[in-house]
Amino acid sequence: MGAVVTAEVAGSAQVDRFDAVIAGEQRIEPRDWMPDAYRATLIRQIAQHAHSEIIGMQPEGAWLTRAPSLRRKAILLAKAQDEAGHGLYLYAAAETLGVDRAELTGKLVSGRQKYSSIFNYPALSFADVGVIGWLVDGAAICNQVPLCRCSYGPYARAMVRICKEESFHQRQGYELLITMMRGTGSQRRMVQDAVDRWWWPSLMMFGPPDGASPNTARSMAWRIKRHTNDELRQRFVDMSVPQARHLGITLPDPALSWNEERGSWDFGEPDWSELERVIEGDGPCNTERVERRRQAHEDGAWVREAALAYAHRRGAEGDRRAAGEPATEEER
Ligand code: BYC
């Protein structure tokens, strides 16, 4: 750990303190000194995470107007609103590191920052809403619960609240799938088809295999990440197999088999070239997702301008009151 940091400012008291905080499982806070690379890594990860929450509203959002009942529509609306909230907590956490939300949004819509590969796949039927809740939110929980122990305080605290909400998201998805599996043959086929399409992309959410993950070692040393990509992927598979059995669906991996010695499930190799392509912008929906986000940002310009004008007016009124002058037209 020390070696990573000390390369930057050898022997300084600031470095010693930073290293001690990390080693002592305490939290780095916004005003604390931190190495530039630690700050840059956090900005990269938190921004990508925030972008994923916001872009992540799109696949399911497509079903808001077509939900099969009022109950399902209310649930889906609440879930999409939660994702927007998660994005906001995360952008706020990123801002404590000295970056501006507008700048981060600019980088997303111009393709200079990433978001999770998973949201570049289409949601083709209402069963996809259930499978996104079960598998995508399930993978998110596996990945994000350890982030509640991240060494950077504002990120760790944001994750506590996010994880509580994500666990409801996962349960609503699973409950929807149980309901559909108890329904007609064609509903069961819809669920199986959705699982077939989302299983492998869900495994890819955890990132490249450890041997091809340039950031893991340093992020683990800094206790930003607490487990490697492969460890979390395994945890997710072990969690999902019994749930799939309970649902009565088949996971689309002929290599899945229980490994008595490891006490874990063996599973097949995801197509890593597909992950690379999707990350590079060549997934089924990349262009559409970013374009939609760019359009929404432009459409919202008048709201930002109005909010800013209102804040300036309130500020000017406050200044006049403080100076003992009439603040508004009515007061004059
Ligand atoms: N998609 O060295 P690695 C949600 C990039 S939100 C795209 O292993 P790291 C939800 C990676 O960024 C889900 N890019 O990186 C929302 C890096 O590129 P750069 C989002 C990926 O950071 C709404 C390069 O590949 N969750 O769940 O150590 C509704 C090499 O990777 C992906 C988070 O953001 C990917 N799948 O580990 C429902 C969680 N994988 O930046 C659900 C927080 C890798 O060097 N993030 N890349 O150019 C993390 O835990 C980590 O950043 C990752 C990657 C495990 C994702």
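Ligands are counted one by one from 1 in listed order, and the atoms in each one are counted from 1 as well.
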Side chain, backbone, both or neither: Asp137 near ligand 1, heavy atoms under 4.0 Å: side chain
Side-chain ion pair, Glu60 and Lys79, N-O less than 4.0 Å: yes
Distance filter under 4.0 Å to Tyr115 heavy atoms, resulting ligand 1 atoms: 1 (N), 7 (C)
Glu291 bridged to Arg294 by N-O distance under 4.0 Å: yes
Side-chain donor/acceptor of Lys73 to backbone N/O of Leu64, under 3.5 Å: yes
Heavy-atom nearest neighbour in the protein, as seen from atom 44 (C) of ligand 1, with distance rounded to 0.1 Å: Pro208 CD, 3.6 Å
Any N/O pair Ser52/ligand 1 closer than 3.5 Å: no
Which residue and heavy atom of the protein sit nearest atom 45 (O) of ligand 1, plus the separation: Asn215 ND2, 3.2 Å
Glu260 atom CD, over 12 foreign heavy atoms within 6.0 Å: no
Check: Asn229 side chain, Asp210 main-chain N or O, donor-acceptor pair, under 3.5 Å: no
Which residue and heavy atom of the protein sit nearest atom 28 (O) of ligand 1, plus the separation: Lys225 NZ, 2.7 Å
Closest protein heavy atom to atom 10 (C) of ligand 1, given as residue, atom name and distance to 0.1 Å: Phe119 CZ, 3.4 Å
Protein residue, atom and distance nearest to atom 39 (C) of ligand 1, heavy-atom basis: Asn143 OD1, 3.0 Å
Asp193/Arg197 ion pair, N-O < 4.0 Å: yes
Min N/O separation Glu166 to ligand 1 under 3.5 Å: no
Backbone or side-chain N or O of Glu53 under 3.5 Å from ligand 1 N or O: no
Residue and atom name of the nearest protein heavy atom (relative to atom 23 (C) of ligand 1), distance in Å to one decimal: Glu83 OE1, 3.2 Å
Heteroatom proximity flag, Tyr155 to ligand 1, N/O under 3.5 Å: no
Protein contact of atom 49 (C) of ligand 1 - nearest heavy atom, named by residue and atom, plus distance: Gln45 NE2, 3.6 Å
Flag if over 12 foreign heavy atoms under 6.0 Å of CZ, Arg314: no
Any non-hydrogen protein atom less than 4.0 Å away from atom 7 (C) of ligand 1: yes
Per-atom contacts of ligand 1 with Lys114, taking only distances under 4.0 Å to non-hydrogen atoms: 14 (N), 18 (O), 19 (P), 48 (O)
Asn229 and ligand 1 - part of the residue with a heavy-atom distance under 4.0 Å: side chain
Those atoms of ligand 1 less than 4.0 Å from some heavy atom in Ser213: 2 (O), 3 (P), 8 (O)
Proximity of Phe206 to ligand 1 by residue part, where a heavy atom lies under 4.0 Å: backbone
NZ/NE/NH1/NH2 to OD/OE distance under 4.0 Å, Lys107 and Glu103: yes
Salt bridge Glu317-Arg313, side-chain N to carboxylate O under 4.0 Å: yes
Region of Gln144 engaging ligand 1 - heavy atom pairs below 4.0 Å: side chain
Minimum non-hydrogen distance to atom 56 (C) of ligand 1, winning option of Met205, Lys79, Arg112, Gln48: Met205
Polar contact flag, side-chain donor to acceptor under 3.5 angstrom, His169-Glu166: yes
Option whose closest heavy atom lies nearest to atom 40 (N) of ligand 1, chosen from Ala84, Ala140, Gly207: Gly207
Atom 30 (C) of ligand 1 - nearest protein heavy atom and its distance: Pro214 CD, 3.8 Å
Atoms of ligand 1, numbered as shown, that sit under 4.0 Å from any heavy atom of Met204: 36 (N)
N or O pair under 3.5 Å between Glu60 and ligand 1: no
Ion pair Glu331/Arg320, N-O distance below 4.0 Å: no
Salt-bridge present (Arg304, Glu298; N to O < 4.0 Å): no
Lys/Arg-Asp/Glu bridge criterion (N-O < 4.0 Å) met for Arg233, Asp230: yes
Glu288 with Arg292: basic N within carboxylate O range, under 4.0 Å: no
